[in-house]
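These numbers come from the heavy atoms of this one structure, side chains and all, not from hydrogens, waters or symmetry mates.
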Amino acid sequence: MVSPLTHPDRTPSPAGSRLVVLDMAGTTVADGGLVEQAFDTAARRLGVEPGSPDHARKLGYVRATMGESKISVFRHLFGTEEAAQRANSAFEKAYGELVDGGRIAPVPGAREAIEALRAAGRTVVLTTGFARVTQDALLDALGWRDLVDLTLCPADAGRGRPYPDMVLAALLRTGAAEDVRQIAVAGDTSYDMLSGRRAGAGIVAGVLTGAHRAEQLAEAGATHVLGSVAELPALLGAV
């Protein structure tokens, strides 16, 4: 007999979500456009001057692919592995310095939302497109080291977004759900939505506190669009 959760024609209930996978920058962390500032530093390091047509093209690609693993973005932009690694190193260093300078803060209500989800028995995992060193700098700056059950970056899972690897790695490492449809994913970019859909998550919620608009999130497969992550516990029946 097929259970209601795994029945192929049954739309999963938000309240059935057991594992919640949350993006960081733009979703739970407000960074005020630091990605673009750090990109400018990386681009200059490789001879791309701000204000030039080449810079505008590359910045447009960075904006369009927000949420993707940053090394993957730089591989596309700069062609060779050596150039991509140089750009990525410069980017991570610049972003880390901005973080250390106090340029980030939690999205309003984000910490409370995570605490409410965990208090209701949900397992919460934070994911990012940044390298581990940058993710750790964010966690330390916010005092979030012990806030969630697990944190993952692309290197921990194999590939970054839009691939499903981090969502599936969260499931495998925590064992928090019996079915991928018991996973809820939330993020602010189209790539967050794509990774959630490709992982088979039952809930893929876009939030409007980051890079992409409601239309972009919906086009990428969002099942819900929220004003912010602060609304997620109510959606998942955790309040």
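The shortest non-hydrogen separation linking Ala42 to Ala87 is CB-O, 3.3 Å. In this structure, Ala176 and Thr123 approach most closely via the heavy-atom pair CB-OG1, 3.4 Å. Shown here for Gly200 and Arg181, the closest heavy-atom pair between the two residues is O-CG, 3.6 Å. Shortest non-hydrogen contact noted between Pro154 and Thr128 is CD-O, 3.0 Å. Nearest heavy atom pair, residue Gly206 against residue Ala222, reads N-CB, 4.2 Å. Here the closest heavy-atom approach between residue Ser228 and residue Val107 is recorded as CB-CG1, 4.5 Å.
Note that the CG atom of Leu138 and the OG1 atom of Thr151 stand 10.5 Å from one another [nearest 0.5 Å]. With rounding to the nearest 0.5 Å, the separation of CG in Asn88 from NZ in Lys93 is 14.0 Å. The NE2 atom of His55 lies 3.5 Å from the CG atom of Asp40; values are rounded to the nearest 0.5 Å. Note that the NE2 atom of His224 and the CE atom of Met193 stand 12.0 Å from one another [nearest 0.5 Å]. Residue Thr27 holds its OG1 atom at 7.5 Å from CG of Leu22, rounded to the nearest 0.5 Å. Note that CZ of Arg159 is 11.5 Å distant from OG of Ser195, once rounded to the nearest 0.5 Å.
Taken together through direct or relayed side-chain contacts under 4.5 Å among Ile, Leu, Val, Met, Phe, Trp and Tyr, Val35 and Ile71 form parts of separate hydrophobic clusters. The hydrophobic cluster containing Leu171 does not contain Val148, counting ILVMFWY residues as joined when their side-chain heavy atoms lie under 4.5 angstrom apart, directly or transitively. Leu235 and Val125 are members of different hydrophobic clusters when ILVMFWY side chains are connected at heavy-atom separations under 4.5 Å. Leu194 and Met166 are not part of a single hydrophobic cluster, where members link through side-chain heavy atoms under 4.5 Å apart.
Listed by chain and number, the residues in a salt bridge (Lys or Arg N to Asp or Glu O under 4.0 Å) with Arg75 are Glu81 (sequence neighbours excluded). Every residue meeting the side-chain contact (heavy atoms from CB on, under 4.5 Å) condition with Glu36, not counting sequence neighbours, appears here in chain and number order: Leu59, Arg63, Met66.
Partner of Val99 under the side chain to side chain contact (heavy atoms under 4.5 Å, CB included) criterion, out of Asp31, Val29, Ile104: Ile104 alone.
For the 3.5 Å distance criterion, the side chains of Thr209 and Asp188 fail to qualify, holding no donor opposite an acceptor. For the residue pair Thr127 / Arg161, a side-chain donor-acceptor distance below 3.5 Å is found, with atom types taken as modelled.
Figure legend: cation-pi geometry between Lys70 and Phe39 absent, as NZ or CZ is not positioned both under 6.0 Å from the six-membered ring centre and within 45° of its axis.
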TODO: Just do the side chain to side chain contact (heavy atoms under 4.5 Å, CB included) check on Asp156 and Arg173 with the steps written out, would you?
DONE: CA-CA 11 Å; Asp156 297 325; Arg173 293 201 187 188; 3.9 Å; yes

Open item on the list: Go through it in stages, so that I can follow the logic: the residues are Val207 and Asp23, the test is side chain to side chain contact (heavy atoms under 4.5 Å, CB included), and I'd like the CA-CA distance, side-chain angles, deciding distance and then a yes or no.
Closed with: CA-CA 10 Å; Val207 298; Asp23 171 52; over 6 Å; no

Open item on the list: Would His212 and Asp192 count as a side chain to side chain contact (heavy atoms under 4.5 Å, CB included) here? Give the steps.
Closed with: CA-CA 10 Å; His212 291 161; Asp192 291 308; over 6 Å; no

Task: side chain to side chain contact (heavy atoms under 4.5 Å, CB included) between Thr189 and Glu68, intermediate numbers included - done: CA-CA 9 Å; Thr189 71; Glu68 184 176 357; over 6 Å; no

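A side-chain donor-acceptor contact under 3.5 Å links Arg122 to the backbone of Leu236. Although no hydrogens or angles enter the test, the distance criterion places a donor-acceptor pair under 3.5 Å between the side chain of Thr223 and the main chain of Val204. Formation of a donor-acceptor pair under 3.5 Å by the Gln182 side chain with backbone atoms of Leu19 is not found in this model. Judged purely by atom type and a 3.5 angstrom limit, Gln216 uses its side chain to pair as donor or acceptor with the backbone of Arg213. Panel note: side chain Asp149, backbone Val124; a donor-acceptor pair is recorded below 3.5 Å.
Ion pairing between Arg132 and Asp136 holds under the 4.0 Å rule for side-chain N and carboxylate O.
At most 12 heavy atoms of other shown residues, nucleotides or ligands fall within 6.0 angstrom of atom OH in Tyr163. Open room surrounds CZ on Arg45; 12 or fewer heavy atoms of other groups in view lie less than 6.0 Å from it.
Below 30°, between 30° and 60°, or above 60°: for Phe130 and Tyr95 the angle between ring planes is between 30° and 60°, a tilted geometry.
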